[in-house]
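Below is one structure, written out as structure tokens; comments come after it.
Every chain is numbered from 1, with letters handed out A, B, ... down the list of sequences. Just so you know, these numbers use all the heavy atoms, side chains as well, and skip hydrogens, waters and symmetry mates.
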Protein chains: 2
Amino acid sequence: MKEQKIPKETIKRLPLYYRCLNRLVVLGKDTLSSTELSEYLGIKPTQIRKDLSYFGDFGTRGVGYDLRKLFKEIESILNLERSWNIAIAGVSNIGCAIMDLLDFNHSGFNIVAAFDSDNRVVGSNIYGITIQDLDNLKECTADEPIDIGIIAVDPVDAREVANCLVDKGVKGIVNFAPTLLNLPKEIEVVQMDLTSELGWLVFYIGHR
Amino acid sequence: MKEQKIPKETIKRLPLYYRCLNRLVVLGKDTLSSTELSEYLGIKPTQIRKDLSYFGDFGTRGVGYDLRKLFKEIESILNLERSWNIAIAGVSNIGCAIMDLLDFNHSGFNIVAAFDSDNRVVGSNIYGITIQDLDNLKECTADEPIDIGIIAVDPVDAREVANCLVDKGVKGIVNFAPTLLNLPKEIEVVQMDLTSELGWLVFYIGHR
DNA sequence: AGCTGTGAACGCATTCACAGCG
DNA sequence: CGCTGTGAATGCGTTCACAGCT
């Protein structure tokens with residue numbers, strides 16, 4: 001293992017490795033070569049080996065990787081040994097879908113609070129979570145610290161909501177609103193944006 | 001304008017420019033500098049100018065860009081002058097949220113068909129679309145050609161559904177299932193995957 | 001022989017510095 | 001003087017070729 005700068009792209013691939021390994025562990029497999037993994041993921045074997053090599057020498061030459069061990073390694077690298085608390089702002093369609101998603105494949109991400117501005121849903125219960133008024137986001141005191149905020153509110157409200165979430169101590173945000181958030185740079189932001197993905201998709205579809 | 005290879009990353013930014021310009025046009029603005037645009041989007045002015053320069057000389061030196069004209073140019077580059085027909089496979093939570101999203105900001109993407117395997121929803125009507133049985137996907141004949149498929153079904157079914165969609169003539173697919181699709185390489189695929197985004201997010205959150 | 005680990009080469013994308021024009 | 005357009009330089013990520021174990 002080297003003390004190098006690790007490419008962001010490498011980090012983005014780790015969760016793919018992680019999920020695939022998880023499935024294979026469940027299936028009871030116990031050794032895996034980079035070539036094999038590459039077939040499952042559509043990522044070149046050399047790429048996989050280089051990615052892993054940033055973090056250590058996990059494989060054995062001539063053999064491959066011990067599946068379970070590699071899984072544990074990646075779990076530890078990604079900080080997925082512990083669980084993470086998530087708050088969701090906005091529980092109309094998308095927000096609700098996310099709650100379902102995270103609730104269903106309980107993958108170390110726990111929804112601990114949910115907010116909405118619509119009076120009709122405030123106070124109701126979705127997947128065991130009582131929806132709070134979005135206006136209370138500033139004041140509310142969570143029993144547990146919130147690590148990550150997910151923004152699924154109207155674009156015009158996204159920036160303010162993001163600031164509130166940061167005030168409440170979140171370290172990362174997933175933003176489904178097509179809005180630039182102006183946050184301190186130590187806050188990690190993931191932008192998820194279907195319409196803009198569709199935009200570049202049709203560029204390529206049209207140019208053939 | 002040059003006959004060069006255009007970076008994929010450039011294409012991915014165009015929809016961001018497009019949406020921002022759209023908003024500004026609505027506000028009645030008429031001239032825009034790259035620096036100004038950069039403040040809205042968090043993208044460096046030189047980056048914006050280089051991106052645009054791949055497609056032509058849209059600005060005037062000393063002045064900036066004619067907002068409306070630039071908007072039209074990008075619209076044309078992205079093939080957003082025409083509208084695009086979309087079919088959705090899977091209308092439980094995520095699928096439904098997508099229908100709402102595209103229906104709401106009617107942005108040239110029309111949902112023309114929707115499928116689900118759940119008998120309880122087949123035949124029902126969501127946002128004016130009658131849900132068809134997913135098993136009929138192969139046989140069904142759409143009145144209009146389908147350009148893009150959105151996959152929001154169970155991961156284990158995703159590959160088969162994708163193949164059916166391609167048989168029906170879609171040129172591009174947005175896949176919300178964490179599954180590698182094995183499709184002919186002329187089919188453009190966008191992978192959307194919240195759990196894996198959360199995965200790399202916590203890597204960075206944990207390493208501070 | 002088979003598969004991993006890695007420096008070196010390559011290719012792609014961003015940034016810089018400045019020329020070109022209004 | 002201000003802002004765009006662009007070749008050249010830099011930086012980042014992927015691929016290659018092969019050394020190193022088993």
Side-chain angles (χ1 to χ4, degrees), chain A residues 1-17 20-21 24 29-71 73-74 77 185 200 203-204, chain B residues 1-17 20-21 24 29-71 73-74 77 185 200 203-204:
Chain A
M1 174 171 180
K2 309 300 255 323
E3 232 3 285
Q4 292 184 41
K5 214 199 159 302
I6 295 153
K8 190 159 194 170
E9 297 301 309
T10 292
I11 308 298
K12 292 194 179 176
R13 280 186 294 267
L14 290 181
L16 305 179
Y17 303 156
C20 187
L21 294 176
L24 294 172
K29 207 169 154 47
D30 48 48
T31 300
L32 182 78
S33 75
S34 58
T35 316
E36 223 173 332
L37 185 55
S38 88
E39 283 155 14
Y40 290 117
L41 295 173
I43 297 171
K44 296 194 181 62
T46 59
Q47 181 75 81
I48 294 174
R49 293 204 300 276
K50 165 108 352 189
D51 284 346
L52 296 176
S53 77
Y54 287 112
F55 301 98
D57 293 6
F58 301 136
T60 34
R61 298 167 194 233
V63 182
Y65 299 92
D66 176 318
L67 180 47
R68 204 168 301 262
K69 182 182 155 232
L70 182 59
F71 175 71
E73 292 286 1
I74 297 181
I77 293 164
K185 67 177 180 312
W200 69 258
F203 171 90
Y204 285 112
Chain B
M1 174 168 180
K2 310 300 255 322
E3 232 3 287
Q4 291 184 42
K5 213 197 161 304
I6 295 153
K8 190 160 194 168
E9 297 301 310
T10 292
I11 307 298
K12 291 195 179 175
R13 280 186 294 268
L14 290 181
L16 304 179
Y17 303 155
C20 187
L21 294 176
L24 294 172
K29 208 168 152 46
D30 48 48
T31 301
L32 181 78
S33 74
S34 59
T35 316
E36 223 174 330
L37 185 54
S38 87
E39 282 155 15
Y40 290 116
L41 295 172
I43 297 171
K44 294 194 181 60
T46 60
Q47 180 76 81
I48 294 174
R49 292 203 300 276
K50 167 120 329 201
D51 284 345
L52 296 176
S53 77
Y54 288 112
F55 301 97
D57 294 6
F58 301 136
T60 35
R61 298 167 195 233
V63 182
Y65 299 92
D66 176 318
L67 179 48
R68 205 167 301 260
K69 182 183 153 228
L70 182 59
F71 175 71
E73 292 286 0
I74 297 181
I77 294 164
K185 66 176 181 313
W200 68 260
F203 171 90
Y204 284 112

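Every residue meeting the salt bridge (charged side-chain N to carboxylate O under 4.0 Å, His left out) condition with B/Lys29, not counting sequence neighbours, appears here in chain and number order: B/Glu36. Partners of A/Pro7 according to the side chain to side chain contact (heavy atoms under 4.5 Å, CB included) rule, which considers only residues two or more places apart in sequence or in another chain, are A/Thr10, A/Tyr54. Residues that satisfy the side chain to side chain contact (heavy atoms under 4.5 Å, CB included) test with B/Lys69, not counting sequence neighbours, are B/Asp66, B/Glu73.
Note that OG1 of A/Thr31 is 10.5 Å distant from CZ of A/Arg68, once rounded to the nearest 0.5 Å. One finds the OH atom of B/Tyr17 at 6.0 Å from the CG atom of B/Leu52 (value rounded to the nearest 0.5 Å). Atom CD1 of A/Ile74 is separated from atom CZ of A/Phe58 by 7.5 Å, given to the nearest 0.5 angstrom. A/Gln47 CD to A/Glu9 CD: the interatomic distance, rounded to the nearest 0.5 Å, is 9.0 Å.
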Between protein and nucleotides 10-13 of chain D, what N or O pairs are separated by less than 3.5 Å?
none

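Distance, A/Leu52 CG to C/dT6 C1': 13 Å, rounded to whole Å. D/dT14 atom P lies 7 Å from atom CG of A/Asp51, rounded to whole Å. Per the geometry, CD1 belonging to A/Ile48 stands 12 Å off C1' belonging to C/dT4, to the nearest Å. Between A/Leu32 atom CG and C/dG2 atom C1' there is a gap of 15 Å when expressed in whole angstrom units.
In terms of heavy-atom proximity, A/Ser34 sits nearest to A/Ile48 at O-CD1, 3.7 Å. Closest approach of B/Cys20 and B/Tyr40 over heavy atoms only: SG-CB, 3.6 Å.
For residues 61-71 of chain A, proximity to DNA chain C is found at A/Arg61, A/Gly62, A/Val63, A/Gly64, A/Tyr65, defined as any non-hydrogen atom under 4.0 angstrom from a strand atom. Proximity of residues 34-46 of chain A to DNA chain D (heavy atom under 4.0 angstrom from any strand atom) is restricted to A/Lys44.
Listed pair A/Arg49 / C/dG5 fails the phosphate criterion, with no side-chain N or O lying under 4.0 Å from OP1 or OP2.
Listed for the A/Ser38 side chain is no donor-acceptor partner under 3.5 Å among the backbone atoms of A/Gly42.
With distances taken from any side-chain atom of B/Lys50 to the nucleotides D/dT15, D/dG7, C/dG5, the minimum falls on D/dG7.
Contact of the B/Phe203 side chain with the A/Lys12 side chain is not registered, since no non-hydrogen atoms from C-beta on lie closer than 4.5 Å.
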